[in-house]
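See structure below.
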Amino acid sequence: VPEEAAQRITDVKLTVASALQQVSDAVRAVPLDSIAAAIRSGADAVGGALEEVTDLLGAIDEALGTAVEALQSALGD
């Protein structure tokens with residue numbers, strides 16, 4: 001009976017080791033460099049869009065300032 005128990009324990013250890021190896025192989029197969037590059041590309045695009053929005057808001061602010069000055073001038077202030 002102890003030999004049977006030892007064999008079963010050995011079988012379980014081999015099964016677990018095989019499963020862990022499969023998990024390890026699957027993790028190594030994930031293209032982390034490609035994922036990181038895609039994230040960087042997306043972040044760059046978002047940064048570019050924010051820069052454009054900032055520029056647009058600056059132009060709007062400038063136009064409103066000019067309009068306020070013109071209005072004040074027209075009202076004789």
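Other residues, nucleotides and ligands place more than 12 heavy atoms under 6.0 Å from the CD atom of Gln21. Counted within 6.0 Å of CG on Asp33, heavy atoms from surrounding residues, nucleotides or ligands total 12 or fewer; the atom is thus considered open.
With rounding to the nearest 0.5 angstrom, the CG atom of Leu75 is 8.0 Å from the CD atom of Gln72. Of the inter-residue distances, the one linking Leu14 atom CG with Ile9 atom CD1 reads 12.0 Å to the nearest 0.5 angstrom.
Residues Ile39 and Val30 are members of one and the same hydrophobic cluster, defined by side-chain heavy-atom contacts under 4.5 angstrom among Ile, Leu, Val, Met, Phe, Trp and Tyr. Note on Val16: it does not cluster hydrophobically with Val23, by side-chain heavy-atom contacts below 4.5 Å among ILVMFWY residues.
Panel note: side chain Ser41, backbone Ala37; no donor-acceptor pair is recorded below 3.5 Å. Put simply, the side chain of Thr54 gets close to the backbone of Leu50: a donor and an acceptor are under 3.5 Å apart. A donor-acceptor pair under 3.5 Å is absent between the side-chain atoms of Ser24 and the main chain of Leu20, judged by distance alone.
The existence of a salt bridge linking Asp11 and Arg8 is excluded, since no basic side-chain nitrogen approaches an acidic carboxylate oxygen closer than 4.0 Å.
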